[in-house]
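All remarks here apply to the structure that follows.
Numbering of ligands and ligand atoms starts at 1, following listing order.
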Amino acid sequence: MTSVSLGIPAVNSATEPDPARPDHPGLLDRYGRVATDLRVSLTDRCNLRCTYCMPPEGLDWMPADQALTDDEVVRLVRIAVEQLGVRQVRFTGGEPLLRRGLERIVRDITSLQPRPKVSLTSNGIGLSRRAEALADAGLDRVNISLDTLDPERFKRISLRNRLSDVLEGLSAAATTDLHPVKVNSVLLRDVNDDEAIPLLRYCLERGYELRFIEQMPLDAQHGWDRSNMITAAEIMHRLSGEYRLETDTEERGSAPAERFLVDGGPAAVGIIGSVTRPFCGDCDRTRLTADGQLRSCLFSQGETDVRGPMRAGAPDDEIADLWRNAMWRKAAGHGIDDPGFIQPSRPMSAIGG
Ligand code: SAM
Ligand code: SF4
């Protein structure tokens, strides 16, 4: 990560005076971090209902006129790449494959200079039909979410009977060369927490890189319970029963996953301990929601509207300044452990995971 030393202690205090922002072209914050990785949510809708993410009935979807058009998404990403130093763009949601214009958006973004790396976080449903067109459009890689290998459990977790579609999507990503194919898994106590080893074995056999993510308090139902969460330490313990794990000595940088070589490598497994091993001090993310709001963090309480100014005719420079100022105010950390922690009002699916 590029960072700038500002000599400011890394504490998050509302009483601290807000220092003046130095003249810096990038997305610098008060703690010296510079965001270069942009997460763009393309929709808040989804064809699954993972219990840790969405309620069974879904949510009140965002009205169509509030959602950014394809051209608006491309314009905002262009500003981020050309003026603000963004070098990686990841499309997410909700389910980004539900966005019809995805191939066109990817093509336009991978034509920008300097060309950013472009990736997708998806549940994989429908990817088998679109992987080739997406790769042709310039998509570099995918992360596919897979929490279980058992069809009945898949239905219990996601409330839909779609495991075979997800597995087809995964294998299409691998044959289309969207490498490295990464798999995201959330383990839930007494639901799929006995699958850490089978999931790792499945991924090792196919050359996918598995990453376990600690469950975070970002579900719409507010059902997260820290005492019931499967922690990074617990996942390590379970995996160590079957595999020899060694910390990958390659520099982790701003990557959220702690990477471990499996049985001497080169295959590896990642553990994203967002709650128990936070990596906020190295965070290089900035976020854009499907309705054109900037967020400096998944857990931000505030958002900065860029859709309104853009539709009112704001030039690129003005939008770039709005973005710089939004990121300058980024908090030092997510604050999940603070006594006054308040879960953000938008759930993960509406922010973009
Ligand atoms: N629908 C796509 C998918 O499932 O990959 C993209 C959006 S989803 C919100 C992105 C990632 O966030 C998925 O890997 C999902 O497992 C993860 N996720 C959702 N809710 C979560 C939560 N409460 N805690 C941790 N991870 C969560
Ligand atoms: Fe949909 Fe992804 Fe949330 Fe599951 S985790 S409900 S696939 S947005």
Can you see whether Tyr202 has Arg206 sitting over its ring - NZ or CZ less than 6.0 Å from the centre and within 45° of the normal?
yes
Hey, does the side chain of [X] reach the backbone of [Y] with a donor-acceptor pair shorter than 3.5 angstrom?
{"X": "Trp323", "Y": "Leu294", "result": "no"}
{"X": "Asp140", "Y": "Val118", "result": "yes"}
{"X": "His334", "Y": "Ser274", "result": "yes"}
{"X": "Glu95", "Y": "Leu48", "result": "no"}
{"X": "Asp284", "Y": "Asp37", "result": "no"}
{"X": "Arg87", "Y": "Thr36", "result": "no"}

Which protein atoms of type N, O or S are found under 2.8 Å from atom 1 (Fe) of ligand 2?
Cys46 SG
In a simple table, one pair per line, please give the protein and ligand 1 atom names for every N or O pair closer than 3.5 Å, along with the distance.
{"from": "ligand 1", "atom 1": "1 (N)", "to": "Gly94", "atom 2": "O", "distance (Å)": "3.0"}
{"from": "ligand 1", "atom 1": "1 (N)", "to": "Glu95", "atom 2": "OE1", "distance (Å)": "3.1"}
{"from": "ligand 1", "atom 1": "4 (O)", "to": "Ser145", "atom 2": "OG", "distance (Å)": "3.3"}
{"from": "ligand 1", "atom 1": "5 (O)", "to": "Ser122", "atom 2": "O", "distance (Å)": "3.3"}
{"from": "ligand 1", "atom 1": "5 (O)", "to": "Ser145", "atom 2": "OG", "distance (Å)": "2.6"}
{"from": "ligand 1", "atom 1": "14 (O)", "to": "Ser145", "atom 2": "OG", "distance (Å)": "2.7"}
{"from": "ligand 1", "atom 1": "14 (O)", "to": "Asn184", "atom 2": "ND2", "distance (Å)": "3.3"}
{"from": "ligand 1", "atom 1": "16 (O)", "to": "Tyr52", "atom 2": "OH", "distance (Å)": "3.2"}
{"from": "ligand 1", "atom 1": "23 (N)", "to": "Tyr52", "atom 2": "O", "distance (Å)": "3.1"}
{"from": "ligand 1", "atom 1": "23 (N)", "to": "Met216", "atom 2": "O", "distance (Å)": "2.9"}
{"from": "ligand 1", "atom 1": "24 (N)", "to": "Met216", "atom 2": "N", "distance (Å)": "2.8"}

Exactly one of Asp165, Ile125, Leu97 should register a side-chain contact (heavy atoms from CB on, under 4.5 Å) with Asn47. Which one does?
Ile125
Considering non-hydrogen atoms only, spot the tightest contact between Tyr243 and Ile197 and give its length.
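Heavy-atom minimum between the residues: CE1-CG2, 4.1 Å.
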